[in-house]
Amino acid sequence: MGICHAYAPDGRCISLLKILLTNSCIFDCHYCINRKSSNVRRARFTAKEVVDLTLSFYRRNYIEGLFLSSGIIGSSDYTMEQLVEVARSLREDHGFRGYIHLKTIPDADPALIEQAGRHADRLSINIELPTEAGLARLAPEKSAPRIEHAMSALRSSIESGQDARRRYRSAPDFAPAGQSTQMIVGADASTDRDIVGRASTLYDRYRLRRVYYSAFSPIPDASAVLPLQRPPLMREHRLYQSDWMMRFYGYEPREVAAAADPVTGMLPLDMDPKLAWALRFRDRFPVDVNRAPREALLRVPGLGVKAVDRILASRQWRRLRLADIARLSRSIAKLRPFLIAEDWRPVKLADQEEVALRSKPRAEQMELFGA
Ligand code: SF4
């Protein structure tokens, strides 16, 4: 318990000790089990206890780093000081070289955020909910403009740090793994289209490395303003896939939104959004694997970035056949309707084939999206 798995861009799995400094909080966010009015037992680590725990797990190879967050105790500055103290002590007193991700508090003194960035690899500020109205309703002590102001300041500090490192090798790092945020899904009435739009704006404005989506989970003694049920976990998964489409496959946010239902604004749960987009814009297919540009190949459901790069490299030397593409994918039956190869040209995708594509079990659907 308490050890989570994060994934590096190269696919490596990193184990992190993910804990709260304390579950006490002076705020009263409706969706949070640790809110002030919640009837839970409270506990708190000292900074030294977190340092000792991290080091003992690290030395035993249980973890490669620490992901530390906290409820707000006393004041934003006091809480941030405690978080910074953990990171400082790990780095300066113990020469800790593992990964550190610190949650930062938007209202904290910028000097404390500056110190956090000197010791942590990544900093994050949670945007919490996709809309300002949702935040005002469910987390009245938080403010979307204040959160965005803090993200903007972080972006400046990260970019200044990168610039300084380019000029002087001895310049100190500032959050070299960038900043990220988290959005709760299903606690308010925001649609997937709203969430995709919000995530895209945050990526553009603040150069975030990641937006994490977290399905709302009902809590004991919940406030009456919250939904009674959790959203389907598949919804969270589809949002991660839509995020992937924008970051790695070159889709514009409005294109991802076009994969959503025009009336409800929700992404389909029974197929990945890349396939949904392909079925909605059938006139863009089939794509000729021997001629099409990279951008068009990346839109073929089931072709991932690595497969596309290998197609581009191989076709310099010979014309590719369907069997060549089959070697790059485990789902050639699903790919076939969307591509042309030297020895293959599909007939128009029939409605019953579309139904078959939709109704595949979950494991195959995920594979369709392309790793
Ligand atoms: S500030 Fe954080 S810990 Fe406190 S109630 Fe809100 S979400 Fe929960």
Side-chain angles (χ1 to χ4, degrees), residues 1-2 4 16-47 49-50 66-87 101-109 112-113 116 120 122-151 154 179-188 190 195 198-199 202 208 210-227 230-231 236:
M1 274 178 76
C4 74
L16 300 175
L17 174 63
K18 185 177 183 184
I19 50 172
L20 293 171
L21 191 64
T22 177
N23 68 345
S24 292
C25 191
I26 56 173
F27 280 16
D28 209 30
C29 309
H30 288 284
Y31 47 79
C32 178
I33 193 165
N34 298 324
R35 69 193 187 283
K36 183 173 59 180
S37 58
S38 171
N39 184 23
V40 289
R41 285 183 67 191
R42 309 289 174 167
R44 179 179 169 182
F45 288 111
T46 63
E49 282 169 337
V50 177
L66 170 69
F67 182 162
L68 183 62
S69 183
S70 181
I72 298 175
I73 24 168
S75 68
S76 299
D77 281 355
Y78 175 70
T79 311
M80 200 65 228
E81 271 169 28
Q82 299 295 301
L83 295 171
V84 169
E85 173 54 18
V86 172
H101 178 160
L102 286 188
K103 274 275 159 60
T104 54
I105 300 165
D107 302 329
D109 185 332
L112 289 166
I113 307 289
R122 172 168 288 182
L123 299 177
S124 58
I125 300 172
N126 285 355
I127 193 78
E128 308 289 12
L129 292 161
T131 63
E132 268 190 53
L135 196 67
R137 184 159 172 263
L138 298 182
E141 286 123 326
K142 294 186 176 174
S143 135
R146 280 208 307 273
I147 292 171
E148 291 204 39
H149 179 75
M151 285 178 165
L154 259 190
Q179 65 166 321
S180 60
T181 193
Q182 177 177 291
M183 238 188 272
I184 299 166
V185 174
D188 66 355
S190 302
I195 294 171
R198 183 69 163 142
L202 293 173
L208 300 187
R210 285 296 301 273
V211 175
Y212 292 93
Y213 305 95
S214 175
F216 163 71
S217 174
I219 48 180
D221 306 321
S223 145
V225 297
L226 287 175
R230 68 169 67 221
E236 182 186 289

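Remember, it's 1-based here, ligands and their atoms both numbered in the order they're listed.
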Quick check: are there more than 12 heavy atoms from other residues, nucleotides or ligands sitting under 6.0 Å from OH of Tyr212?
->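 Counting other residues, nucleotides and ligands, OH of Tyr212 exceeds 12 neighbours.
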Do Gln182 and Ser124 have side-chain heavy atoms sitting under 4.5 Å apart?
->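 Side-chain contact under 4.5 Å: no.
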Say whether, by atom type as modelled, one donor and one acceptor occur between the side chain of Gln179 and the main chain of Ile125 under 3.5 angstrom.
->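 No: the side chain of Gln179 does not pair with the backbone of Ile125.
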Region of Lys142 engaging ligand 1 - heavy atom pairs below 4.0 Å |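 For Lys142, the contact with ligand 1 is made by the side chain alone.
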Scan for side-chain hydrogen bond (donor to acceptor under 3.5 Å, both in side chains) pairs involving residues 67-82, sequence neighbours excluded, and state none if there are none.
->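 Every side-chain hydrogen bond (donor to acceptor under 3.5 Å, both in side chains) pair that includes a residue of residues 67-82, provided the two are not neighbours, is Arg44-Tyr78.
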Atoms of the protein (N/O/S only) found under 2.8 Å from atom 4 (Fe) of ligand 1 |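 As for protein N, O or S atoms lying under 2.8 Å from atom 4 (Fe) of ligand 1, they are Cys25 SG.
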In chain order, what residues pass the ring pair (Phe, Tyr, Trp, His ring centres under 6.0 Å) check against Phe67, with sequence neighbours excluded?
->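 For Phe67, the residues satisfying ring pair (Phe, Tyr, Trp, His ring centres under 6.0 Å) (neighbours in sequence not counted) are His101.
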Only distances under 3.5 Å count here; give the side-chain donor-acceptor pairs of residues 126-135 to other protein atoms, sequence neighbours excluded, each with its distance to 0.1 Å.
{"from": "Glu128", "atom 1": "OE1", "to": "Tyr31", "atom 2": "OH", "distance (Å)": "3.4"}
{"from": "Glu128", "atom 1": "OE2", "to": "Lys142", "atom 2": "NZ", "distance (Å)": "2.6"}
{"from": "Thr131", "atom 1": "OG1", "to": "Gly134", "atom 2": "N", "distance (Å)": "3.0"}

